[in-house]
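Working notes, structure below.
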Amino acid sequence: MRAGNVKILIFGAGYVGLCTGVCFAQKYDVTLVDIDKDKINSIKNNNPKIHEDGLEKFLKLARERESIHPKLISEKFNPVDMIFICVGTPPDTDGYIDFKFVEKVVKTIEERKTEFLKPSGETIIIMKSTVIPGTTNQLLKRLEDKNICEISFNPEFLAQGTAIQNTLNPSRVILGINKKKALKRLKDFYIDFYNNKNIPIVDMSIESAEFSKYAANSFLALKISFANEIADLVEKVENADIDQIMEGISKDPRISSLFLRSGIGFGGSCFPKDVKALIRFSEEISAETPILLSGIIKVNENRPFRLVKLLRNQLKDLNNKKIAILGLAFKPDTNDIREAPSISIIKALWRSGAIINVHDPVIDKIDLEPFKEFNIRIFKDVDECLLGVDACLIITEWDEYKKQSLEELTRGMRNKLVVDGRRIFTDRQVPTEIDYFTIGNPLNRYPPVNPITRELNNKNYDE
Ligand code: UGA
């Protein structure tokens, strides 16, 4: 396998497969395969269904280079050097991971091996889908043992909104691998892809690599739930403020400042699913009940309701009250609403009889199916969404909201009550005519920031 001449096939043109694919295609020849005709057509038309910074540009470049080939599984294929499996592993209702898509891919490769695998047995099948420890070997080892292919587990660490950046500049590459020859080839591939940028490549057993993915996500989720639990305690302490406390502890490099933002908790297709899967896995292997992991979920599940409670404390009865929801996506710069706190918040408001206006900057690309029964009123313009409302809830910290002042944001509101689930205005002065409430300081009321500290922070010490 000569670098530069590498042929890659990716199963799954979803978020991971597509973002990884367009990046690889800047240097190599990539075939992207899926079972979904609409998805493949949208990629062919340079109009992918997911909203991701840089994706359209990279896709366009790859299409111009003719180095990306979106295809349906029903088409014909030629053997490649590497196959990446990037299909979804969604949870079932009990939190167990459903491997049916991964299994289907493995079955397809096996049944049509002359189309996908080199006769020499040199093709490496690389599992990128997140799977519980033991799965990759369970599904693929027999193929490796028969010398039909070589196998690896190579977790992805892309965060939505920065997926292209994360693919091009990862903090590390983890390679779970059984065989030395495959390890050398994969290492050479990544060194070439990253242009010798000294990205750490850590090799380990396949099971350790599978476990690393769950451990990494659980640890990040733990940091968020920790910050949220402290935020709840802070609310009981006069003059205390969660941002000040987190800033104070984050200067210790052993702690770091990342993933300590408190608010309405984490959503998305990864943290909730992965932490729950690890808990289920511990049951399957009859390990001791993981106390911390269960705590992460417990703390998180309660977060959205704290915001609704704050709102109820102010408005008392929500029946027929007009409430604006700012942001549906589980985080900014994505159109993904999987496990988004917006869903449980809107459901709770709807049950209380509220009239719900909704705005999100990428509303056109959001799947609104989960909100169908809640009679939400969709607005493309944030001012129109806020016009005449009794309160607004900030759910996603989009730049579009942050860049405004509180006066600008609330100018059309009938009653200027802002309940902020992301603490995006806690560093600003709140005008007296606006009621601004948030999570993580006593009485949930701003201004909590010590004015002396703020003055010192703003001072230029070189003066
Ligand atoms: C996460 C990980 O960050 C990635 O490293 C990983 O590859 C990915 O899962 C995955 O397994 O595929 P993602 O879910 O896209 O990425 O987004 P994050 O930026 O991690 O945010 C997750 C949630 O945590 C969001 O709802 C966000 O609002 C929340 N969050 C994040 C906080 O509440 N506080 C914080 O300080 C940080």
Side-chain angles (χ1 to χ4, degrees), residues 12 14-20 50-53 86-91 97 128-132 154-167 169-174 209-231 242-243 246-247 249-250 255-278 296-297 299-304 306-307 327-345 394-398 402 420-424 438-440:
Y15 156 73
V16 174
L18 180 57
C19 293
T20 310
I50 57 173
H51 173 85
E52 193 60 51
D53 194 29
C86 300
V87 293
T89 48
I97 293 303
K128 259 200 183 293
S129 303
T130 301
V131 291
I132 55 165
N154 170 214
E156 55 84 15
F157 296 109
L158 321 180
Q160 286 183 234
T162 50
I164 300 290
Q165 266 319 309
N166 297 151
T167 308
N169 281 302
S171 51
R172 77 290 201 194
V173 172
I174 290 185
E210 291 167 322
F211 219 126
S212 301
K213 169 72 188 185
Y214 283 108
N217 275 358
S218 298
F219 187 71
L220 295 172
L222 174 72
K223 287 187 85 177
I224 300 169
S225 277
F226 170 79
N228 282 329
E229 191 159 277
I230 297 292
I242 188 66
D243 286 347
M246 289 300 135
E247 194 192 345
I249 71 166
S250 69
I255 297 175
S256 106
S257 61
L258 303 173
F259 285 76
L260 288 179
R261 266 185 297 110
S262 60
I264 46 176
F266 57 80
S269 64
C270 306
F271 288 173
K273 174 188 86 144
D274 291 351
V275 179
K276 283 180 200 160
L278 207 46
I296 296 171
I297 297 294
V299 171
N300 196 57
E301 279 177 348
N302 202 21
R303 302 312 293 170
R306 293 188 66 84
L307 204 71
L328 289 182
F330 82 96
K331 63 182 246 186
D333 302 320
T334 173
N335 60 334
D336 199 334
I337 47 119
R338 281 175 289 176
E339 302 267 345
S342 60
I343 302 174
S344 30
I345 289 171
I394 300 174
I395 310 294
T396 316
E397 64 275 38
W398 283 100
K402 278 200 283 193
D420 183 358
R422 300 294 185 177
R423 298 182 59 85
I424 63 177
T438 186
I439 296 169

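Throughout, residue positions are numbered sequentially from 1 according to the sequence presented. Atoms within each ligand, like the ligands themselves, are counted from 1 in listed order.
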Can you confirm if the NZ or CZ of Arg338 lies within 45° of the ring axis of Phe330 and under 6.0 Å from the centre of its six-membered ring? no
Set of residues satisfying ring pair (Phe, Tyr, Trp, His ring centres under 6.0 Å) with respect to Phe271, sequence neighbours excluded: Phe266
Criterion side-chain hydrogen bond (donor to acceptor under 3.5 Å, both in side chains) on Lys273 and Thr130, from CA distance to verdict: CA-CA 10 Å; Lys273 174 188 86 144; Thr130 301; 4.9 Å; no
Please classify the Asn166 to ligand 1 contact at 4.0 Å (heavy-atom distances, strictly less than): side chain, backbone, both or neither. neither
Quick one: nearest non-hydrogen protein atom to atom 9 (O) of ligand 1, plus distance? Cys270 CB, 3.2 Å
Is Ile224 in polar range of ligand 1, meaning some N or O pair under 3.5 Å apart? no
Mark the output for Gly263 as yes if a heavy-atom distance to ligand 1 is under 4.0 Å, and as no if none is. no
Considering only protein heavy atoms, which is closest to atom 5 (O) of ligand 1, and at what distance to one decimal place? Phe157 O, 3.6 Å
With the threshold set at under 4.0 angstrom, would you say Gly268 reaches ligand 1 through any of its heavy atoms? no
Looking only at non-hydrogen atoms, the one of Lys331, Gln160, Lys223, Glu339 nearest atom 17 (O) of ligand 1 is Lys331
Polar atom proximity, Leu158 to ligand 1 (N or O, under 3.5 Å): yes
Residues forming a side chain to side chain donor-acceptor pair (under 3.5 Å) with Thr334, sequence neighbours excluded: Gln160
Have a look at Tyr214, Phe330, Phe271 and point out the one with the heavy atom closest to atom 2 (C) of ligand 1. Phe271
Close N or O approach (Arg422, ligand 1; < 3.5 Å): yes
